[in-house]
Amino acid sequence: MTVQIKQAAGALPDDNGHFGPYGGRFVAETLMVPLRELQEAYDKYLSDDDFLNELDEDLRQFVGRPSPLYLAERWSAQLGGAQIYLKREDLNHTGAHKVNNTVGQALLAKRMGKTRIIAETGAGQHGVAAATVAARLGLKCVVYMGAVDIARQAINVYRMKLLGAEVVSVESGSKTLKDALNEAMRDWVTNIDDTFYIIGTVAGPHPYPAMVRDFQAIIGREARAQILDQAGRLPDALVACVGGGSNAIGLFYPFLDDSDVAVYGVEAAGHGLETGRHAAPLCAGRPGVLHGNRTYLMEDDNGQIIETHSISAGLDYPGVGPEHAWLKDEGRAQYVAISDDEALAAFHNLTRVEGIMPALESSHALAYAGKLASTMARNQIIVVNLSGRGDKDIHTVAALEGIKV
Amino acid sequence: MGRITNCFERLKDAGRQALIPYVTAGDPEPAVTVPLMHAMVAAGADIIELGVPFSDPMADGPVIQRAAERALRQGTSLRDVLAMVAEFRRQDASTPVVLMGYLNPLEVMGYDTFAKAAAEAGVDGVISVDLPPEEARDLLTALGGQGIDPIFLLAPTTDDIRIEKICAVASGYVYYVALKGVTGAAGLDVQSVADKLAQIGRHTGLPVAVGFGIKDADSAAAMAKVADAVVVGSSLVKKIEQNAGQSDRITQEITDVLARMRVAMDTHKDRSSP
């Protein structure tokens, strides 16, 4: 079976990577030709049956797709409102949705003759997913990770090393995901000839936002077919957490033409939007240019990027994918924010009520879905993207409760 | 005719190449910058590239990243940088000043507001490292309206089609990035630069400056044989870092480096024929 990747003809972005005023290619000149080559390769393989069949095979046999769409009956009953279905991306190989994209980009890297892959990572999930595909394909792999994130995601750092990747600690700027992305870009500009940069989210210069979305859209394609099969109709609402926004766009994209399906992206409110200590550019930022694209950013009045805060390293990013910026302005999706405390409560709740330990990132989506469900009727349906599993976060959770693991 | 074009015509008549130092404005503290600009002119600088600090300098190596961090810790904003240029202009009406940085501070100020303020301050050219011509239409309009030269980068990966496209919208000069890498990187290859400059010369009559990887008098002299201008940044900024807190020594060490480059560039006049 050949997978369909592209959605409707004429869909965004345009040829220059623009989603309305957002997106584009804001990079140093050295990268412009390599980005064009990447675009050309991607366009070519997007309609290449051999490539698509290999991708499909890898997603089934290596990643473990399709992932289940699980009805959280006890939790839904407890909330007393809508029925909540969880798209179980936590059950993928490596424990999160990130691998959908790294499998796709690594196959592309191989087709393009690149021998070395690099990646940036925040929580470490994308780094692990990149190191995993690199190990499988015999490619050299370097992962850039902020020193602050290395300290709070020790398990994933060790996983990457076990997989044979070199993990480079980034000491510049705020020492988190944005700085890791800067450093990966610097590596790429230096080693363009043999290196493929696997960006982990739907941000960066064109074609990355579109390419990563297309690789992640399998989440929404499966979920759409599964809910029609299991519930006999489309859901009333979709909920997913948004850092850069790849798991969210992956779920949302195949439903965007279904105008009766409400779409909610959940950002990290950290200590609360009013404190300024958060990572919610769509809720509380404004447009600017960073990391190769125009989008909503957390920035000061002088255009400097400001430090973000979230309990979850994977949401701790001052920008967001340009397609989310566009969906916000168009009103097709609504963006809301959930605090550290609310996310933590959802983490515990799902673990105890359903026996599923969610990642702290995904816990933001769960917390909002819980609020939303209780305002809805019992015959309504919410699909939540459970984007990753929580094993990587147990040290963070334990430390907050004063427990030494 | 703008100060930049004037400058290159004067140099051409004299058979010399431009020496263009780069420093980050506000590094290590704002009070250092304007006196340092004057001292660099006295030491032989023809044009000054003044870095506008940005929190996420993706195209810069560690030396200039740290310079931006120092300047930002001192609160140096784009408006402060423009004020420094205005102050410089009170004593120096002829040396061109080019702002070099990233797009977001310009974007947040607003292109028209920025262009007007920059022209009033006496800025002659603007390099936005992360702005290729494909995305530059609105900024080009704003700068053009104020007579400010948009200066674009060309790279080893830039092909003929892009050289043509970029040179069609650039003015003042174009800036050739001599290596695949970030500012301050190693691995400068004079022959490959010479070949690329010949390729660029087939598309444009604009002067071509070469930067990235020029560390000392020898590499400056080697580049001056093939280019119209030589840009030196990281090796100067390193002197600032090593002497932070001692502004006299910063000025002394930077002017020493520039004076040696000036002599080396002017004595190696045996330019290879085009």
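Being a predicted model, the structure only gives us computed values, none of them experimental.
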Taking CZ in A/Arg286 as the centre, count heavy atoms belonging to other residues, nucleotides or ligands within less than 6.0 Å. Is the count above 12?
yes

Can you name the nearest heavy-atom pair linking B/Glu135 to A/Arg25, along with the distance?
OE2-N, 2.9 Å

Greatest number of non-hydrogen atom pairs under 4.5 angstrom with chain B, of A/Asn191, A/Asp187, A/Ile306, A/Asp193, falls to A/Asp193

How would you list, in number order, the residues of residues 172-183 of chain A that have a heavy atom less than 4.5 Å from chain B?
A/Ser172, A/Gly173, A/Lys178, A/Asp179, A/Asn182, A/Glu183

If you measure from OG1 on B/Thr76 to CD on A/Gln304, what distance do you get to the nearest 0.5 Å?
9.5 Å

Check this for me: B/Lys215, atom NZ, are more than 12 non-hydrogen atoms of other residues, nucleotides or ligands nearer than 6.0 Å?
yes

Taking atom CZ of A/Arg111 as the centre, does the number of heavy atoms from other residues, nucleotides or ligands within less than 6.0 Å exceed 12?
yes

Pick from B/Ala155, B/Gly181, B/Ala185 with the largest number of heavy-atom pairs that fall under 4.5 Å of chain A
B/Gly181

Counting heavy-atom pairs under 4.5 angstrom with chain A, the leader among B/Met109, B/Glu69, B/Gln65 is B/Gln65

Mind running side-chain contact (heavy atoms from CB on, under 4.5 Å) on A/Val289 and B/Asp130 for me, showing each step along the way?
CA-CA 9 Å; A/Val289 171; B/Asp130 55 350; 4.3 Å; yes

Atom NE2 of A/His18 and atom CD of B/Glu134: how far apart are they, to the nearest 0.5 Å?
9.5 Å

Chain B shares the most heavy-atom pairs under 4.5 Å, among A/Ile192, A/Leu290, A/Asp301, A/Asn16, with A/Leu290

Smallest separation among heavy atoms of B/Leu154 and A/Glu29, with atom names
CA-CG, 4.0 Å

Any Lys/Arg nitrogen of B/Asp60 or A/Arg186 sitting under 4.0 Å from an Asp/Glu carboxylate oxygen of the other?
no

CG (A/Leu297) and CG (B/Asn104) are apart, to the nearest 0.5 Å, by 6.0 Å

Specify which of B/Val129, B/Leu153, B/Thr157, B/Leu103 makes the most heavy-atom pairs with chain A at under 4.5 Å.
B/Thr157

State the CZ-CE distance between A/Phe26 and B/Met58, to the nearest 0.5 angstrom.
11.0 Å

Where does A/Glu299 contact chain B at under 4.5 Å (heavy atoms): side chain, backbone, both or neither?
side chain

Between A/Arg36 and B/Asp159, is there a salt bridge with N-O shorter than 4.0 Å?
yes

Would you say the side chain of A/Val33 lies within less than 4.5 Å of the side chain of B/Thr158, judging by non-hydrogen atoms?
no

Can you tell which part of B/Pro53 gets under 4.5 Å to a heavy atom of chain A, answering side chain, backbone, both or neither?
backbone

Compare every heavy atom of B/Val108 with every heavy atom of A/Gly303, then report the nearest pair and how far apart it is.
CA-CG2, 3.6 Å

Ranked by heavy-atom pairs below 4.5 Å to chain A, first place among B/Pro105, B/Ala136, B/Pro133 goes to B/Pro105

To the closest 0.5 Å, what do you measure between OG (B/Ser55) and CG (A/Asp300)?
7.5 Å

